[in-house]
Number of protein chains: 2
Amino acid sequence: MKERVTIVDVARRAGVSVSTVSNYLNGRMNLIKDKTRNRIKQAIEELNYRPNPVARQLKTGSAPFIGLVVPSVANPFYGTFAHHVEVEAAKRGFHVLLGNCCRDPEREREFAEELVAYGVRGIVFGSSLADISYLSDLAKEGLCLVTFDRSLTNSEHVQFDGVGVDNRQGVYIATRHLLGLGHRRIAFVSGSIRTVNRLDRLTGYEQALRDAGVEEDPSLIWQGETVEGFGDFNAIQLGKQAAYQLLTRSERPTGIVTVNDMFALGVYAGAKELGVSIPQDLSVVGFDDIELAEIVEPPLTTVRQPIPLLASKAVELLLNRLEGKEVREGQYYMFPPELIVRRSTAEPKY
Amino acid sequence: MKERVTIVDVARRAGVSVSTVSNYLNGRMNLIKDKTRNRIKQAIEELNYRPNPVARQLKTGSAPFIGLVVPSVANPFYGTFAHHVEVEAAKRGFHVLLGNCCRDPEREREFAEELVAYGVRGIVFGSSLADISYLSDLAKEGLCLVTFDRSLTNSEHVQFDGVGVDNRQGVYIATRHLLGLGHRRIAFVSGSIRTVNRLDRLTGYEQALRDAGVEEDPSLIWQGETVEGFGDFNAIQLGKQAAYQLLTRSERPTGIVTVNDMFALGVYAGAKELGVSIPQDLSVVGFDDIELAEIVEPPLTTVRQPIPLLASKAVELLLNRLEGKEVREGQYYMFPPELIVRRSTAEPKY
DNA sequence: ATGAAAGCGCTAACAT
DNA sequence: ATGTTAGCGCTTTCAT
C-alpha cells in the first residue's frame, strides 16, 4: 500500500510551487510558461500523480456526479434508461449515482439528501410520485432537479425541469386504437396509481372512452395493491393477477390497455394459463416499448417511449443548468409518444 | 441557498469544543458526560446539522461506498443483480456506485481507478473478462475485489474473492437434459466468448457432448461477433441472427443451448419468423432464469442463478473484508445451478 | 471528560 | 509567471 502522491510532491519534483501545479491541473495554461508546464507534466508522469478529487471537492464544494432516482433497474425500461443516462453523463465528465428507491418517498428523500451531502448538485428523478414537495427544500438550497416521465404542475415548474412523453396522449391513442378495431369493453390495468405518469395514463384511457361515447365501467379499471418498497419486481405478477380477475368475470373485457409493458407481459402469462388467446380472444396494448415487446408471442402492440432521446435530453437539461448555461426556469420537454402496432391487437370476436 | 452548518457552529452553540462534538458524532459516548451529550444533541437538532461526509473522508481516507461493475443494467439479469446489491449494501450503510462498462476492459479499468480516487475501497466485479490483470495493481494498493460469476484462476485467488454459480456444471446439466430427451445435433449459441463465465459455459456444453459420445461439430458452436462497447443491448438480436443461421442450414440442430436467457429469447424470435416451432421442431435451453423466462411462450427451460443469494453473498464478502472481519484469502463461493424444466424442451421429432 | 491544534490535499486569493 | 498562505470541515493525537 503505497503512500499517496500529492500535489506537494509534484511541486517539489518540478521545482515549482503548488499553486502553479494547481493552475496546471485546472487548465489555466495561459498563466504558465511552456518550460514550466513541461516540467510539471513530466513530474506528474514520473510520480504517476492523480489529483485527489475528494480534497478538491472539499474546497470547491461540488463533485462531477449526478444522481439518478428510479423505481428499480430490475425493470428493463429503467435499466435501459439508466444505462443511457450514464453514457450521456460520461460524455460530459459526470458519473451517476444510482438509487433504486422503489417509489418509496422516504427512500427517495433520504437518497436525495445523502447525495446533497456528498456535493451532488443535480438529480434526474425517474420516479414520479404524485407529491414531491419533500424535494422543495432541497431545490431551494440549490439542488437542480430534472424529472423524468412526470408532467409538472404549475407550481413545480418554477423549481424543476422535466422530460417525458405525453402519457395521456399515449394511452389515448392506444385506447383509440382498440376502439377503432371495434372494442367496447376495454380494461385498464395498472399497479397502484400513486404516480403522476400513471395517473396521466389512466386519464388518457378515460378520455378516449368518453370521446368515443363508451359508457364508463369502473370495474374495468384494475389497480394492483400497493406493495411498499417493492419497485417493479411484481409488475408481471400483478399483470397476471389482473388477467385472472378480469378474464374470469361474466362480462369480460375484449381489450386491455396496460400501464406498461411489464404489466402487459403479466397479462400475457395470465391469459395463456386461462386459455385465452391473444389477439383472437383478447387484445392487449402496452406502454414503453421495451426491447422484449417485439419478441414476445404475439409481438406486443405498444406505445413507444424514445428512451435514448429522453435520457440525453434529461442529462443535457440538468448539466446545462448545473453549468449555468441554462437560465430559463421550468422547462418541460414533452416528446410525442408513438403507437407501435404489432400483433397483440385485433378486432374483437364478439 | 443557506450557509452550511459546520461542526464549529454546533460546538459553539453547545458551548463545547469541536473535538467533543466529533467524539459525539463518532459514537464515543464513554468519553462524554450525559449533560454535555444532551447539549450537543440539542444543538445539532436546533441547527439541523448534518456532518459533511466529504470532509470526513478527506481526513479518514475512505467512504461508505462500494463500486459495482456490470456489462449493462439494460440486461434484466444485471439490473436485478444490481438492485439486490444495492439493497444489501444499504443494510450495512453503504452506497453503490454503478458502472455499466459493456465488457470493455478500458472502461472497467478507468472506472475502477476513478472509484479508488474517490476513496472507494471495494468493488463487486460483475463483468468477467478473461484477463483482469489490469486490476492487480489496484488490488495491491489495497482495493478489495469480489468477482461475480467468474471462476478464479489459481493466481487470482490470492487477490480476489468471488461468488458465482458453477457455470460449467450448469450448462452441462442443460445439455445433458437435451441429450436425455434424445437430441444429438445440439448447438451452443453465445455472444463473443471473451469472458470466463461464457468460456465455462461453453466447456460444460462440450463436456456433456463428449461424455455422451456425441461427435463434436464446430459449426454448431455459434458465436456472435464482438461489438465493442455495446453491453448486452444486442443479445436478443444476436440470438435471432444465430437462429437464422443455424435453422436455415441443411442439417439443422434440433436443440440449442444458449449462453443466457436473452440469447434464448432472440432464438425464440428468429425461430418464430422462420416458422420453426418450439419445442416441436426445436428445443431451447437458456441460462439465468430471468423473470421473463417463465412467461414467454413457451416458458423457457433454463438454468437458474440464485440472484438474491449471489448478491447478498457478494456484498457480505466484500464488506467483511473491508471491515477487517475476514482475513482468509481468495474465497470463492460457488453456488449450485438448478435446471428449471419448462416447456421449451421436448423430444426431437426426427 | 474536554479542549487546542495539527493536518487530510487541494484551490484561490493575494503578493511578488 | 510564479510563490505564499489561508482555509474547506472534519478527525485525532496530545494536553489538561
Side-chain angles (χ1 to χ4, degrees), chain A residues 1-41 43-44 47-64 114 116-121 141-142, chain B residues 1-41 43-44 47-64 114 116-121 141-142:
Chain A
M1 194 134 174
K2 285 178 288 189
E3 276 311 303
R4 201 162 160 67
V5 179
T6 77
I7 196 172
V8 179
D9 302 318
V10 175
R12 191 157 31 209
R13 177 142 196 153
V16 297
S17 73
V18 289
S19 42
T20 304
V21 179
S22 176
N23 282 331
Y24 173 89
L25 292 174
N26 292 283
R28 286 184 270 276
M29 296 308 177
N30 55 325
L31 299 177
I32 307 178
K33 258 200 314 209
D34 270 20
K35 214 175 71 186
T36 336
R37 193 173 66 209
N38 289 331
R39 281 223 309 283
I40 295 174
K41 188 174 171 209
I44 287 177
L47 296 170
N48 188 29
Y49 167 71
R50 311 262 275 140
N52 178 339
V54 177
R56 173 177 287 167
Q57 187 187 340
L58 180 60
K59 187 71 194 166
T60 64
S62 76
E114 192 121 5
V116 170
Y118 273 97
V120 169
R121 287 178 38 236
E141 287 177 31
Chain B
M1 195 134 174
K2 285 178 290 187
E3 275 312 303
R4 204 166 158 64
V5 180
T6 78
I7 197 173
V8 178
D9 301 318
V10 175
R12 190 157 31 209
R13 176 141 195 154
V16 297
S17 75
V18 288
S19 34
T20 304
V21 178
S22 177
N23 282 331
Y24 173 91
L25 292 174
N26 291 284
R28 287 184 268 275
M29 294 310 174
N30 55 326
L31 299 177
I32 306 178
K33 257 199 316 210
D34 271 20
K35 216 175 71 185
T36 336
R37 194 174 66 208
N38 289 331
R39 282 222 308 284
I40 294 175
K41 190 175 170 209
I44 287 176
L47 295 170
N48 189 27
Y49 167 71
R50 312 262 273 139
N52 179 340
V54 177
R56 171 177 290 169
Q57 186 187 341
L58 180 59
K59 190 70 195 170
T60 64
S62 77
E114 190 120 6
V116 170
Y118 273 98
V120 170
R121 289 178 36 235
E141 287 177 31

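What you see below is based on every heavy atom in this structure, not just the backbone, and it leaves out hydrogens, waters and symmetry mates.
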Exercise: identify the closest heavy-atom pair between A:I7 and A:S22: CD1-N, 3.9 Å
Whole-Å distance separating the CZ atom of A:R4 from the C1' atom of C:dG9: 9 Å
Along DNA chain C (nearest heavy atom to each residue), the more 5'-positioned of A:T6 and B:T36: B:T36
4.5 Å side-chain heavy-atom contact, B:L25 and B:V10: no
Between P of C:dC10 and CG of A:L25, the distance in whole Å: 8 Å
Rounded interatomic separation in angstrom, taking CZ from B:R12 and P from C:dG3: 14 Å
Results of side chain to side chain contact (heavy atoms under 4.5 Å, CB included) for B:S19 - residues two or more places apart only: B:S17
Side chain to side chain, B:T20 and B:I40, heavy atoms closer than 4.5 Å: yes
Qualifying residues under salt bridge (Lys or Arg N to Asp or Glu O under 4.0 Å), relative to A:R13, sequence neighbours excluded: A:E46
Range on DNA chain D touched by chain B, heavy atoms, distance below 4.0 Å: D:dG9 to D:dT12
Value rounded to 0.5 Å, distance of OG1 in A:T6 from CG in A:L47: 9.5 Å
Provide a list of protein-nucleic acid N or O atom pairs under 3.5 angstrom, restricted to nucleotides 12-16 of chain C.
| from | atom 1 | to | atom 2 | distance (Å) |
| --- | --- | --- | --- | --- |
| C:dA12 | OP2 | A:R28 | NH2 | 3.1 |

Closest non-hydrogen atom pair, B:Y118 against B:A63: O-CB, 4.2 Å
Sugar-phosphate, base or nothing in reach of A:P53, heavy atoms under 4.0 Å: nothing
With sequence neighbours excluded, residues passing ring pair (Phe, Tyr, Trp, His ring centres under 6.0 Å) with B:Y49: none
Check residues 27-36 of chain A and write down every donor-acceptor pair under 3.5 Å in which the side-chain atom is one partner and the other belongs to a residue at least two apart or another chain.
| from | atom 1 | to | atom 2 | distance (Å) |
| --- | --- | --- | --- | --- |
| A:R28 | NE | A:N23 | OD1 | 2.9 |
| A:T36 | OG1 | A:K33 | O | 3.4 |

Angle of first-five versus last-five pair axes in the helix from C:dA1-D:dT16 to C:dT16-D:dA1, to 10 degrees: 40°
Residue pairs involving residues 50-63 of chain A (criterion side chain to side chain donor-acceptor pair (under 3.5 Å); sequence neighbours excluded): A:R50-B:E113
Sugar-phosphate, base or nothing in reach of B:I32, heavy atoms under 4.0 Å: sugar-phosphate
Touch class at under 4.0 angstrom, heavy-atom based, for B:D9 against every strand present: nothing
Atom pair distance, as rounded to whole Å: CZ in A:R50 and C1' in C:dC10: 16 Å
Touch class at under 4.0 angstrom, heavy-atom based, for B:G119 against every strand present: nothing
Nearest-Å distance for atom pair OH/P, residues A:Y49 and C:dG9: 10 Å
For A:V120, all residues meeting side chain to side chain contact (heavy atoms under 4.5 Å, CB included), sequence neighbours excluded: A:F65, A:L97, A:L115, A:I123
